[in-house]
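The structure appears below as structure tokens.
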Amino acid sequence: FDLPLFFINVRGALKGIVFIDENNNGVIDKGESGISEIKLLIDENKAVTNKNGGFKFSSLVPGECELNIDISSIPVGLAPHIKLPYKFIARRGKTAEIKIPLVRTCKLKGAVFEDTNKNGKMDEEEKGIPLIRIEIISDTVGLRDTFTDNKGNYSFAGVIPGKYNVKIDTRWLPDRFIVTTDEVYSLDLSQAEEKLDINFGVVEKERPILKTYSTQSAEPSSEPEVKQ
């Protein structure tokens, strides 16, 4: 017999799991567990992961949707390793699926300093340079930047594991200053890794010594030569 019209499924759905990806491979491996109490949102629809990390949105309007995560519900030291918002198509009568890996984040710290002896190392008596722009760049995550503080220090927290270039933006250096260390450092960060000494040395270029020459030509003496 025919079902009444109101029984026909005209909505889409999304189900998934949020888990801690200990080896950063994007797959739920043996020993990796889901994580509870993570809040997710699709427009006005909300879901919270259960004790196994599972969640489901049961009634989505068909069409393009965007899944977001309430970052405040994620424990400190973890971050989602997918691009957010996550876009997908909700199809009538169908249930889409997604696995959301969380990874343990990394930390980077360093300084920009005046390398007065030009040895490429930050010695005890050498001072930091404030307000210098530092960038970290990744093909997968994109670009983040920050500025050195009044002591020349900078830091990046919540960095997703992976390959990065850490770069000093030389356009922000004082006039006539040049870099005495590498301008770019390449890193391959493992989960929860900390790099605490990514330093950039700078120094003012020596001013050239300008030599001046007299243009006055010598004139012969008007006094007669004395013969002896």
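- Counting heavy atoms from C-beta outward, I160 and L189 have side chains that stay 4.5 Å or more apart.
- For the pair K167 and F200, the tightest heavy-atom approach, listed with the atom from each and the gap, is C-CZ, 4.1 Å.
- Side-chain contact check for T116 versus V203: every heavy-atom pair is 4.5 Å or farther apart.
- Note: the hydrophobic cluster containing V166 also contains V179 (ILVMFWY, side chain heavy atoms under 4.5 Å, direct or indirect links).
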Report the C-alpha separation of E194 and K109 in whole Å, then their side-chain angles, then the decisive distance to 0.1 Å, and conclude whether the salt bridge (charged side-chain N to carboxylate O under 4.0 Å, His left out) test is met. CA-CA 8 Å; E194 294 187 351; K109 292 180 68 176; over 6 Å; no
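- R176 places a side-chain N or O within 3.5 Å of a backbone atom of E206 that can act as its donor or acceptor partner.
- Considering only residues two or more places apart in sequence or on other chains, R171 meets the salt bridge (Lys or Arg N to Asp or Glu O under 4.0 Å) condition with D169.
- Minimum heavy-atom separation, G53 to T49: O-CG2, 3.4 Å.
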Start with the C-alpha gap between E32 and K30, add the side-chain angles, then the distance that decides, and say whether salt bridge (charged side-chain N to carboxylate O under 4.0 Å, His left out) holds. CA-CA 6 Å; E32 294 180 340; K30 185 177 180 180; over 6 Å; no
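- Looking at C106 and P161, their side chains come closer than 4.5 Å, going by heavy atoms from C-beta outward.
- Nearest heavy-atom pair, T95 versus K15, reported as atom, atom and distance to 0.1 Å: CG2-CG, 3.9 Å.
- Annotation: side chain of D70 is in contact with side chain of L41 (closest heavy-atom distance under 4.5 Å).
- Listed here is the closest heavy atom pair of V61 and A90: O-CB, 3.8 Å.
- Cluster note: L84 groups with L14, V18, I20, I35, I38, L40, I42, F55, F57, L60, L67, I69, I71, I74, L78, I82, Y86, F88, I98, I100, L102 through ILVMFWY side-chain heavy atoms spaced under 4.5 Å, whether in direct contact or through intervening members.
- Taking the side chain as every heavy atom from C-beta outward, I17 and I28 approach each other to under 4.5 Å.
- Side-chain contact between I132 and T170 is absent, with no heavy-atom pair separated by less than 4.5 Å.
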